[in-house]
Engineer: 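Pasting a structure below so you can have a look.
The residues of the chain are indexed from 1 along the displayed sequence.
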Amino acid sequence: DQADLCARELQRAGIAEPQLQAAVLGLEQLRQSPLGGALGGFQLAQLAPEQRLNEMNFDLPLGLVRARALARPFSDHPEGWFGADYAERLAQLDVASQGFLTGSIDLVFRHGERWWVADWKSNWLGERDGQGQPLRCGPRHYTPAAMAELMAANHYPLQAHLYLVALHRYLRWRLPGYSPEQHLGGYVYVFLRGVPGTTSATRAVPGMFLEQPPLARLLALDQVLQLVAGCAAGSVELTLHQHMPLFHMEHCLFCAFLSEGHDHTDCGRPCESHEVLLRDRSGAEHPLRADLGCRNTLFNGRAQTAAEAIP
């Protein structure tokens, strides 16, 4: 029963029982909302268990990847929502990473022959009063243009493309006769505060940001991430000791609890001057870090290590 499942999850999360009815109604509104775009009136409620993978974890091996290399596929293949302008914004990031990119895709699902990724987002879009307090937030605020700007500001396009590269590699491994031209779909970013429920709209649906990026861009990004395969052995670094991420969150706890501001424009950057540790029920402490997009990641306080294997 959906209500019983919601009640158990709310209890597990420490959320008061009076919120149960609102949670059930919100979940049903999400299930009945059409995804729109290339998926038309298709709803999550229509997904059969064999058509989906929940919380698919992945590890992408990386060579030495810099921001400009990540931006190049977007500038070389500028079709769609995020092209040359986004490439310029992406190229400004301070990125120089190698090792493994670890992540989890909220939902992988099949519609027809194509496989898609979906990601849940709780970002707030709406109206505030003169003191910055929220007034209104609903489907009418989640227009395609507003969602696109929110996507770009938080570098969700890069996240979505990395998810699709991970899905591409997974399908290449697991799906017999896999062809990206035939089987790879796109991404749906679901802004939960904006989904309308049952509606006649089947193209531009509030709260649903859907895109099928150019396949050439995805394959180019896949090549960027695979460059380690062609590197000389002496230029590859192996990570043997690392604090692995436990989970990511879209909201910034530094801003919420250590600042009177609303976002990175007025919070005073407490993340640069404070250290935050979260203590679990066993007493172990886990460090919290803020990234360039003000998202927070909780890392395992105990590192995964293979140092003892070194002679």
Side-chain angles (χ1 to χ4, degrees), residues 6 8-16 19 23 53-62 65 67 70 93-108 117-124 150-151 153-163 165-166 187 189-193 225 239-307:
C6 285
R8 290 197 300 271
E9 289 300 313
L10 291 179
Q11 183 180 26
R12 187 176 66 85
I15 299 175
Q19 301 298 325
L53 293 171
N54 300 328
E55 300 289 343
M56 190 185 92
N57 297 319
F58 66 87
D59 293 289
L60 291 178
L62 304 178
V65 177
L70 293 174
L93 288 179
D94 183 16
V95 174
S97 300
Q98 61 188 71
F100 282 89
L101 174 65
T102 300
S104 178
I105 303 173
D106 287 342
L107 178 67
V108 172
V117 300
D119 198 67
W120 321 124
K121 297 298 182 188
S122 60
N123 305 65
W124 191 92
L150 184 62
M151 293 275 294
N154 290 279
H155 288 291
Y156 294 156
L158 175 60
Q159 181 189 51
H161 283 67
L162 292 173
Y163 284 172
V165 168
Y187 63 85
Y189 269 48
V190 182
F191 292 91
L192 300 171
R193 299 176 189 268
L225 301 177
T239 301
L240 295 174
H241 186 90
Q242 181 180 10
H243 291 267
M244 299 296 291
L246 294 174
F247 61 84
H248 308 282
M249 64 188 81
E250 299 299 329
H251 303 290
C252 182
L253 297 186
F254 293 92
C255 179
F257 293 102
L258 298 174
S259 166
E260 296 182 358
H262 299 101
D263 54 36
H264 68 282
T265 62
D266 60 3
C267 70
R269 307 293 294 177
C271 57
E272 297 178 355
S273 56
H274 292 77
E275 180 180 8
V276 172
L277 301 171
L278 299 186
R279 183 180 295 116
D280 64 23
R281 68 181 66 183
S282 70
E285 294 183 335
H286 308 283
L288 187 73
R289 299 287 185 267
D291 66 15
L292 291 174
C294 291
R295 294 172 295 271
N296 286 186
T297 300
L298 186 69
F299 290 87
N300 196 325
R302 182 177 180 179
Q304 289 190 357
T305 182

Engineer: Would you list the pairs meeting salt bridge (charged side-chain N to carboxylate O under 4.0 Å, His left out) in which at least one residue belongs to residues 252-268, sequence neighbours left out?
Structural biologist: none
Engineer: Just jot down the ring-ring contact (aromatic ring centres under 6.0 Å, His included) partners of H155, sequence neighbours excluded, or say none.
Structural biologist: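 Result, ring-ring contact (aromatic ring centres under 6.0 Å, His included) vs H155: Y86.
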Engineer: Report the residues that fulfil side-chain hydrogen bond (donor to acceptor under 3.5 Å, both in side chains) with E275, sequence neighbours left out, ordered by chain and then residue number.
Structural biologist: none
Engineer: Using every non-hydrogen atom in the two residues, find where S104 and E55 come nearest and quote the distance to one decimal.
Structural biologist: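 Shortest heavy-atom contact: OG-OE1, 3.1 Å.
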Engineer: Between V108 and F58, is there a side-chain heavy-atom distance shorter than 4.5 Å?
Structural biologist: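 The answer is no; the side chains never approach within 4.5 Å.
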Engineer: Any heavy-atom pair between the side chains of V276 and N296 that's under 4.5 Å?
Structural biologist: no
Engineer: Looking at D119, is its backbone amide N or carbonyl O close enough to the side chain of Y163 to form a donor-acceptor pair, meaning the two atoms are under 3.5 Å apart?
Structural biologist: no
Engineer: Sequence neighbours left out, what passes side chain to side chain contact (heavy atoms under 4.5 Å, CB included) with A23? Give chain and number order.
Structural biologist: L10
Engineer: Restricting to pairs with a member in residues 240-252, which pass salt bridge (charged side-chain N to carboxylate O under 4.0 Å, His left out), not counting sequence neighbours?
Structural biologist: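 Those involving residues 240-252 are K121-E250.
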Engineer: Return the set of residues passing side-chain hydrogen bond (donor to acceptor under 3.5 Å, both in side chains) with H251 (not counting sequence neighbours), or none when no residue passes.
Structural biologist: S122
Engineer: Assess whether side chain to side chain contact (heavy atoms under 4.5 Å, CB included) is satisfied between L70 and L225, documenting all intermediate values.
Structural biologist: CA-CA 9 Å; L70 293 174; L225 301 177; 4.2 Å; yes
Engineer: Could you measure the distance from the SG atom of C267 to the NE2 atom of H262? Nearest 0.5 Å is fine.
Structural biologist: 11.5 Å
Engineer: Under 4.5 Å between any side-chain heavy atoms of R269 and F254, yes or no?
Structural biologist: no
Engineer: Which pair of non-hydrogen atoms, one from N123 and one from R193, has the smallest distance, and what is that distance?
Structural biologist: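 N123 and R193 have their closest heavy atoms at O-CD, 3.6 Å.
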Engineer: State, with a plain yes or no, whether a side-chain heavy atom of L253 is found less than 4.5 Å away from one of L258.
Structural biologist: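 L253 does not reach L258 side chain to side chain.
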Engineer: Are the side chains of L288 and M249 in contact, using a 4.5 Å heavy-atom criterion?
Structural biologist: yes
Engineer: For Y187 and H161, work out which heavy atoms get closest and say how close.
Structural biologist: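 Reported closest heavy-atom pair: CE2-CE1, 4.2 Å.
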Engineer: L107 versus N54: any side-chain heavy-atom pair under 4.5 Å?
Structural biologist: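 Contact flag for L107/N54 side chains = yes.
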Engineer: So with a 6.0 Å cut-off around CD of E285, is the heavy-atom count from everything else above 12?
Structural biologist: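 For E285, atom CD is crowded (more than 12 foreign heavy atoms under 6.0 Å).
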Engineer: Taking the inter-plane angle between the rings of Y189 and F191 on a 0 to 90° scale, is it parallel (under 30°), tilted (30 to 60°) or perpendicular (over 60°)?
Structural biologist: tilted
Engineer: Are the side chain of H286 and the backbone N or O of N300 linked by a donor-acceptor pair below 3.5 Å?
Structural biologist: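 Judged by distance alone, no pair lies under 3.5 Å.
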Engineer: Minimum heavy-atom separation for P245 to T297, with atom names?
Structural biologist: CB-CG2, 3.7 Å
Engineer: Could you measure the distance from the NE2 atom of H264 to the OG atom of S259? Nearest 0.5 Å is fine.
Structural biologist: 12.5 Å
